[in-house]
**Q** 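Before I ask anything, let me first share the structure, which is written out below as C-alpha cells.
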Amino acid sequence: MDRHRRHPPPSRRRFSLYTPPSSLALSPLLFISISFFCFVVSTSNAAFDVAPISFDEGYRPLFGDGNVVRSAAGDGVRILLDRFTGSGFISSDMYRHGFFSAKIKLPSDYTAGVVVAFYTSNGDVFEKTHDELDIEFLGNIRGKPWRFQTNVYGNGSTHRGREERYTLWFDPTKEYHRYSILWTTNKIIFYVDEVPIREIVKSEAMGSDFPLKPMSLYATIWDASDWATSGGRYKVNYKYAPFVSEFKDLVLEGCPADPIRQFPDEGCRKKDAQLEARSFATITPAQRRSMRRFRERYMYYSYCYDTLRYPVPLPECVIVPSEKARFKDTGRLKFGGSHKRRPRQRERIPVRSVSDNQASV
C-alpha cells in the first residue's frame, strides 16, 4: 500500500479544542486553548505578506494521479487516500533555500493510521546523503485530536533524528490553517499560521547535519497503519474513506537550483538575501513569546530532552528550564502525551527518512 494519501471526509464531526463539555463549566483544556488563542491574536503579526501561486505554476502530481484533484479555479488541490492508493504532489523545481507554505485542512472523523505530510526533501537525488525538513500530521481515532511532528535531517543523518511532537490549540479539520517551513543559509523555522513553533539556528558544531543541498517540496497522504496512531495499535479503517486533505494558497519563494551544482550562482545569492529580509525570516519578541508558550503547552516530545537517547544534547538544542521541567528523561511529558513504541518505519514513496531511534518517540 502506498503511504502518502489523505482528504477531508466531510460527514462526521471530529474533536475540537473549542467544543465545550456538556456542562457549562470550562474544562482545563478548553481554558488553556482559549487563553493561548487570545495570546496569539494579541501578539502575532498580521498574516504573512506572501503571493500564492496556482497549482500548475509550481507543482505537479507525484503519485496516485486520480486522487490528486485540482480546484476549479486552479488555486488549490485535494489529495485523497482510498483503499487503492494514496496520493501526493511535488514542486516542479528544486530550491536552494526557500519559504514553503500552504493553507491545509485535514480529514475529519476516524483518521487513525492516516498521515498527511508537508515536507522538503532531495531523497530521490541523494539517496544516501539526503536532506529533509518535515511537517507530518498523524491521524487519530474518533474523539481524539490530530497530532503532528517536525523533523530535520541533513546529509543522510537519519541515525540522529531530531523529532518533536505536538498537539494544536485548534481543530485542524474545521477550517484551513497555514503551515510553513522557512529554510535559509543559517536557520530553519517552522510556523503554524503566524506562530513560530520551532527554530533551528545553524552552528559550526552541526556541520553537515544542517540541510545544504537543493530540495523539492512534497505534500502526500498515505496509510501508516503500522506506526502512526498509538504505535500501530489503531489502523486505517477504509469504511471512512476517502480521506481527503485540502490545500490552497500555495507559496513557493526561493531560488530554483540544479541539485548537482555545488555552489549557488549570483542569482541565488540575491534570492537568499531577499529571503532573509522578509518578515517571516525574523522572529519578533512577541512571536518569540508565542513560540515559548506554544512549546510549553503543546509540545509533548522533544529529542533535546530525551537524555536516554542523547545523554549529551545535540549542538543546536537550546535547553529551556521551563520546558525541561515538564519532561522525563525519555523526552516525553511527565503527565500525558504518552506515545507507544513502534517498529522502524519502512521507506515511503518518495524516499522518506526515519531515524534509527524514532521508534522510541
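Since the model is a prediction, treat every value here as computed from it, not as a measurement. FYI, the numbering just counts along the sequence from 1.
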**Q** Are N151 and E136 packed together at the side-chain level, in the sense that at least one heavy-atom pair is separated by less than 4.5 angstrom?
**A** no

**Q** Between H177 and L168, does a side-chain contact (heavy atoms from CB on, under 4.5 Å) hold up when you go through it step by step?
**A** CA-CA 11 Å; H177 288 269; L168 288 161; over 6 Å; no

**Q** Filter on disulfide (SG to SG under 2.5 Å), then keep only pairs touching residues 294-328, sequence neighbours left out; what's left?
**A**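 Listed once each, the pairs are C304-C317.
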
**Q** Closest heavy-atom contact between P61 and I90?
**A**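 It is O-CG2, 4.4 Å.
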
**Q** S101 and Y191: side-chain donor and acceptor closer than 3.5 Å?
**A**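 Absent: no donor and acceptor within the cut-off.
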
**Q** Check S216 against M94 and note the closest heavy-atom contact, atom names and distance.
**A** OG-CG, 3.2 Å

**Q** May I ask you to decide if L217's main-chain N or O and S91's side chain share a donor-acceptor pair within less than 3.5 Å?
**A** yes

**Q** With distance as the sole criterion, is a donor-acceptor pair present between the side chains of T173 and D171 under 3.5 Å?
**A**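 Judged by distance alone, the side chains do pair up.
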
**Q** When rounded to the nearest 0.5 angstrom, what is the spacing between CZ in F48 and CZ in F280?
**A**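 So the CZ of F48 and the CZ of F280 are separated by 7.5 Å.
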
**Q** Is there side-chain contact between D193 and F170, with heavy atoms separated by less than 4.5 Å?
**A** yes

**Q** Residues in ring pair (Phe, Tyr, Trp, His ring centres under 6.0 Å) with Y305, at least two apart?
**A** F327

**Q** Does any N or O in the side chain of S121 come within less than 3.5 Å of the main-chain N or O of E132, such that one atom is a donor and the other an acceptor?
**A** no

**Q** In the structure I gave you, are the side-chain heavy atoms of L106 and F148 within less than 4.5 Å of one another anywhere?
**A** no

**Q** What I'd like to find out is whether the side chain of F100 reaches to under 4.5 Å of the side chain of L252, using heavy atoms alone.
**A** yes

**Q** For R70, check side chain to side chain donor-acceptor pair (under 3.5 Å) against everything at least two apart and list the hits.
**A**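 Partners of R70 under the side chain to side chain donor-acceptor pair (under 3.5 Å) test: D56.
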
**Q** Heavy atoms only: give me the nearest R326-E296 pair and the separation to one decimal.
**A**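 Reported closest heavy-atom pair: CZ-O, 2.5 Å.
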
**Q** Is it true that F190 and Y176 fall in one hydrophobic cluster, defined by side-chain heavy atoms closer than 4.5 Å?
**A**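 F190 does not cluster with Y176.
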
**Q** Using modelled atom types only, decide if a donor and an acceptor are shared between the side chain of K334 and the backbone of A325 within a distance under 3.5 Å.
**A** yes

**Q** Before you tell me yes or no, could you show the steps for V318 and V201 under side-chain contact (heavy atoms from CB on, under 4.5 Å), namely the whole-Å CA-CA distance, both residues' side-chain angles and the distance that decides it to 0.1 Å?
**A** CA-CA 10 Å; V318 177; V201 178; over 6 Å; no

**Q** Just to verify, which of F118, Y218, F247 counts as forming a ring pair (Phe, Tyr, Trp, His ring centres under 6.0 Å) with F89?
**A** F247

**Q** From R278 CZ over to T184 OG1, what is the distance, rounded to the nearest 0.5 angstrom?
**A**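 Between R278 CZ and T184 OG1, I get 13.5 Å after rounding to 0.5 Å.
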
**Q** Could you check whether any side-chain heavy atom of F243 comes within less than 4.5 Å of a side-chain heavy atom of V236, counting everything from C-beta outward?
**A** yes

**Q** Check for a donor-acceptor pair, side chain of S87 on one end and backbone N or O of L80 on the other, with a separation under 3.5 Å.
**A** yes

**Q** Any side-chain heavy atom of I197 within less than 4.5 Å of one from R295?
**A** no

**Q** Drop me the distance from S302's OG to I319's CD1, to the nearest 0.5 angstrom.
**A** 7.5 Å

**Q** What heavy-atom pair brings P211 and D131 nearest, and what distance separates the two atoms?
**A** CA-OD1, 3.5 Å

**Q** Look up atom CE in M299 and atom CD in E164, then write down how far apart they are to the nearest 0.5 Å.
**A**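 If we round to the nearest 0.5 Å, M299:CE and E164:CD are 5.0 Å apart.
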
**Q** With sequence neighbours left out, what residues match T129 under side chain to side chain contact (heavy atoms under 4.5 Å, CB included)?
**A**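 T129 satisfies side chain to side chain contact (heavy atoms under 4.5 Å, CB included) with F126, N155, K213 only.
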
**Q** Find out whether I104 and F137 are in side-chain contact, i.e. whether some heavy atom of one side chain is under 4.5 Å from a heavy atom of the other.
**A**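 In contact.
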
**Q** Among residues at least two apart in sequence or on other chains, which ones pass salt bridge (charged side-chain N to carboxylate O under 4.0 Å, His left out) with D209?
**A**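 Scan of D209 (salt bridge (charged side-chain N to carboxylate O under 4.0 Å, His left out), adjacent residues dropped) gives R160, R162.
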
**Q** Ignoring hydrogens and angles, tell me if any N or O in the side chain of R309 forms a donor-acceptor pair with the backbone of Y303 under 3.5 Å.
**A**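 Absent.
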
**Q** Looking at E266 and R269, is there a salt bridge between them, counting it only when a charged N and a carboxylate O are closer than 4.0 Å?
**A** yes

**Q** Is N67 reaching over with its side chain to a backbone N or O of T85, donor-acceptor style, under 3.5 angstrom?
**A** yes

**Q** Can you name the nearest heavy-atom pair linking Y153 to G161, along with the distance?
**A** CE2-CA, 4.0 Å

**Q** Would you say R147 and Y301 are linked by a side-chain donor-acceptor pair, where the criterion is simply a distance under 3.5 Å?
**A** no

**Q** Is any side-chain heavy atom of M215 closer than 4.5 Å to a side-chain heavy atom of W183?
**A**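 Yes, side chains in contact.
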
**Q** Does H130 form a side-chain contact (heavy atoms from CB on, under 4.5 Å) with T158? I'd like the steps, not just the answer.
**A** CA-CA 9 Å; H130 84 285; T158 57; 3.9 Å; yes

**Q** Report yes or no: do I53 and V68 belong to one cluster of Ile/Leu/Val/Met/Phe/Trp/Tyr joined by side chain heavy-atom distances under 4.5 Å?
**A** yes

**Q** Atom CG of N140 and atom OG1 of T111: how far apart are they, to the nearest 0.5 Å?
**A** 6.5 Å

**Q** What distance do T185 atom OG1 and R96 atom CZ have between them, rounded to the nearest 0.5 Å?
**A**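 Going from the OG1 atom of T185 to the CZ atom of R96 covers 11.5 Å.
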
**Q** Working note: V115 + L138, criterion side-chain contact (heavy atoms from CB on, under 4.5 Å); need CA distance, chi angles, decisive distance, verdict.
**A** CA-CA 5 Å; V115 168; L138 312 178; 3.9 Å; yes

**Q** Not counting sequence neighbours, which residues clear salt bridge (charged side-chain N to carboxylate O under 4.0 Å, His left out) with E276? List them please.
**A**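 Applying salt bridge (charged side-chain N to carboxylate O under 4.0 Å, His left out) to E276 gives none.
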
**Q** Show the nearest heavy-atom pair for residues K187 and I189, with the distance to one decimal.
**A**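 Smallest interatomic distance, heavy atoms only, reads CD-CD1, 3.9 Å.
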
